[in-house]
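Everything on this sheet refers to the single structure shown next.
None of the values given here were measured: they were computed from a predicted structure.
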Amino acid sequence: MYQKFETTPFSSFRQQYFNNLREQSCLLPALEELCGGWTQETLKSILQKLTKKNQAPLPLFFDSSQAMDSISNKKQALATVFQQFDSRGIGRIDATELFSVMLLLSTGEISQIFYNIAVIFGSDKTNHITSDEFFFFIDCLFRGISKVLICKGETKPINLNKRLNDQDINKFIQQIFKGQQKVNKDELYASVKQSQQLFEFIEYISTSMQASMEYTRQQSLLMMKITMEVKKLMAQMLSQIDGTAKK
């Protein structure tokens with residue numbers, strides 16, 4: 001029996017996550033490994049590969065981790081991420097959930113992130129993103145973060161199948177689009193700032209994700225440095241032993 005999504009109000013998401021993410025590392029470790037060092041330009045390059053330089057639409061789903069090979073050659077990380085996003089056990093994952101999370105964790109200014117949201121989730125043929133397209137992004141994002149964020153006092157994500165309710169998404173859409181059907185992609189950042197609660201939430205989540213990615217990167221560099229120093233020390237010790245033996 002497949003698990004269903006639990007529809008949740010924004011107030012519950014905010015209480016669960018806002019100013020409550022685990023310090024230093026708040027992301028699923030496999031996702032940190034998969035996306036280590038990514039910038040907004042890295043993500044755009046990967047999406048270009050998936051769309052064959054915009055000649056094909058972005059995939060809406062992946063039915064195996066092997067189908068995600070264009071994202072990375074880190075096969076174990078891909079397999080773990082696939083398993084995590086397949087939290088309902090249906091044998092496939094929603095690619096747009098994954099892309100929305102990747103947008104927020106890839107290094108870049110918040111204004112650049114919102115522009116890329118408009119580019120990726122908006123129509124390729126216009127310079128606008130519609131209210132329906134942004135509604136879809138918000139729905140994908142909240143489903144995605146529930147699968148990857150780790151809160152204080154936890155060691156793994158615990159709310160895997162939550163989604164934001166339609167009423168709250170529509171409220172945000174009204175605040176952002178103000179009855180209009182679309183906004184210019186360049187103006188999305190300024191428009192979303194008019195919905196203060198949503199903007200603050202997304203900015204906090206993105207900043208925390210990026211800090212988590214950087215912390216993990218620094219820890220990896222430190223471990224590499226320690227490993228190199230240990231190998232150097234062992235080589236010196238072996239050399240000394242060898243020299244003593246020859247005497």
Side-chain angles (χ1 to χ4, degrees), residues 1-22 26-28 30-31 34-35 43 57-63 65 68 80-106 113-114 116-118 120-122 129-152 154 156-177 188 191-192 195-209 212:
M1 187 72 176
Y2 298 147
Q3 296 185 44
K4 295 182 178 180
F5 281 107
E6 178 186 345
T7 303
T8 306
F10 177 72
S11 57
S12 295
F13 270 101
R14 183 180 174 86
Q15 182 178 13
Q16 180 71 41
Y17 296 115
F18 192 69
N19 289 333
N20 192 42
L21 293 179
R22 191 172 69 173
C26 65
L27 278 169
L28 182 74
L31 190 62
L34 180 65
C35 305
L43 177 59
L58 276 172
L60 296 178
F61 67 90
F62 296 112
D63 57 10
S65 61
M68 301 163 65
T80 304
V81 168
F82 180 87
Q83 182 180 19
Q84 182 74 4
F85 273 79
D86 186 24
S87 56
R88 295 190 296 146
I90 60 177
R92 67 176 184 271
I93 68 171
D94 188 326
T96 53
E97 289 180 10
L98 181 61
F99 297 148
S100 65
V101 168
M102 288 175 167
L103 272 163
L104 266 62
L105 64 79
S106 298
I113 291 171
F114 274 107
N116 287 339
I117 289 169
I120 293 168
F121 282 82
I129 182 169
T130 68
S131 56
D132 287 343
E133 289 165 343
F134 193 69
F135 185 109
F136 179 61
F137 165 73
I138 293 298
D139 183 37
C140 295
L141 176 64
F142 279 77
R143 283 186 276 123
I145 63 175
S146 74
K147 295 177 171 65
V148 301
L149 291 179
I150 304 173
C151 295
K152 293 177 181 177
E154 304 293 343
K156 61 182 180 180
I158 59 173
N159 297 307
L160 301 187
N161 293 305
K162 290 184 179 292
R163 73 188 309 168
L164 186 58
N165 64 34
D166 289 355
Q167 294 91 331
D168 282 335
I169 301 179
N170 279 318
K171 180 185 72 175
F172 294 139
I173 293 297
Q174 288 299 318
Q175 293 170 348
I176 295 165
F177 288 82
L188 181 62
S191 298
V192 176
S195 179
Q196 184 176 357
Q197 281 194 327
L198 179 64
F199 179 81
E200 287 179 348
F201 184 82
I202 292 177
E203 184 178 41
Y204 168 71
I205 296 299
S206 179
T207 301
S208 299
M209 284 181 169
S212 182

Can you tell me which residue pairs pass the ring pair (Phe, Tyr, Trp, His ring centres under 6.0 Å) test with a partner in residues 3-22, sequence neighbours excluded? F10-F172, F10-F201, F13-F142, F18-Y204
Quick one: [atom1] on [X] to [atom2] on [Y], what's the gap to the nearest 0.5 Å?
{"X": "I145", "Y": "Q16", "atom1": "CD1", "atom2": "CD", "result": "10.0 Å"}
{"X": "S100", "Y": "I138", "atom1": "OG", "atom2": "CD1", "result": "9.0 Å"}
{"X": "K171", "Y": "N165", "atom1": "NZ", "atom2": "CG", "result": "9.0 Å"}
{"X": "Q84", "Y": "K156", "atom1": "CD", "atom2": "NZ", "result": "9.0 Å"}
{"X": "L188", "Y": "I113", "atom1": "CG", "atom2": "CD1", "result": "12.0 Å"}
{"X": "L31", "Y": "L98", "atom1": "CG", "atom2": "CG", "result": "7.0 Å"}

Heavy-atom closest pair, residues [X] and [Y]:
{"X": "Q15", "Y": "N20", "result": "O-ND2, 4.3 Å"}
{"X": "P59", "Y": "F99", "result": "O-CE1, 3.7 Å"}
{"X": "I129", "Y": "F177", "result": "O-CE2, 3.5 Å"}
{"X": "F121", "Y": "C140", "result": "CE2-SG, 4.3 Å"}
{"X": "L27", "Y": "M209", "result": "CD1-O, 3.8 Å"}
{"X": "V192", "Y": "F199", "result": "O-CB, 3.7 Å"}

N-O pairing of R22 and E154 below 4.0 Å: no
Would the distance check show the side chain of T207 and the main-chain N or O of I205 forming a donor-acceptor pair, the cut-off being under 3.5 Å? no
I'd like to know if the side chain of S212 reaches the main chain of C26, judged simply by a donor and an acceptor atom lying under 3.5 Å from each other, with no hydrogens or angles considered.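 Yes, S212 side chain to C26 backbone: donor-acceptor pair under 3.5 Å.
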Taking salt bridge (Lys or Arg N to Asp or Glu O under 4.0 Å) as the test, write out the residues that go with D139, two or more places apart.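 With neighbours one apart ignored, the set is R143, R163.
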Check whether any side-chain heavy atom of [X] sits under 4.5 Å from a side-chain heavy atom of [Y], and report yes or no.
{"X": "D94", "Y": "F61", "value": "no"}
{"X": "T8", "Y": "D168", "value": "no"}
{"X": "V81", "Y": "F85", "value": "yes"}
{"X": "N116", "Y": "L103", "value": "yes"}
{"X": "L21", "Y": "I150", "value": "no"}
{"X": "E97", "Y": "L141", "value": "no"}
{"X": "I202", "Y": "F114", "value": "yes"}

With sequence neighbours excluded, residues passing side-chain hydrogen bond (donor to acceptor under 3.5 Å, both in side chains) with [X]:
{"X": "S87", "answer": "N161"}
{"X": "E133", "answer": "T130"}
{"X": "S206", "answer": "Q210"}
{"X": "Q167", "answer": "none"}

So F137 and T96, side chain to side chain contact (heavy atoms under 4.5 Å, CB included) or not? Walk me through it. CA-CA 8 Å; F137 165 73; T96 53; over 6 Å; no
Using a 6.0 Å cut-off, check whether atom CD of E200 has over 12 heavy atoms from anything other than its own residue.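 It does: E200 CD has more than 12 such atoms within range.
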Got more than 12 heavy atoms from elsewhere within 6.0 Å of CZ, R14? yes
Step-by-step side chain to side chain contact (heavy atoms under 4.5 Å, CB included) determination, M68 to I93: CA-CA 11 Å; M68 301 163 65; I93 68 171; 4.0 Å; yes
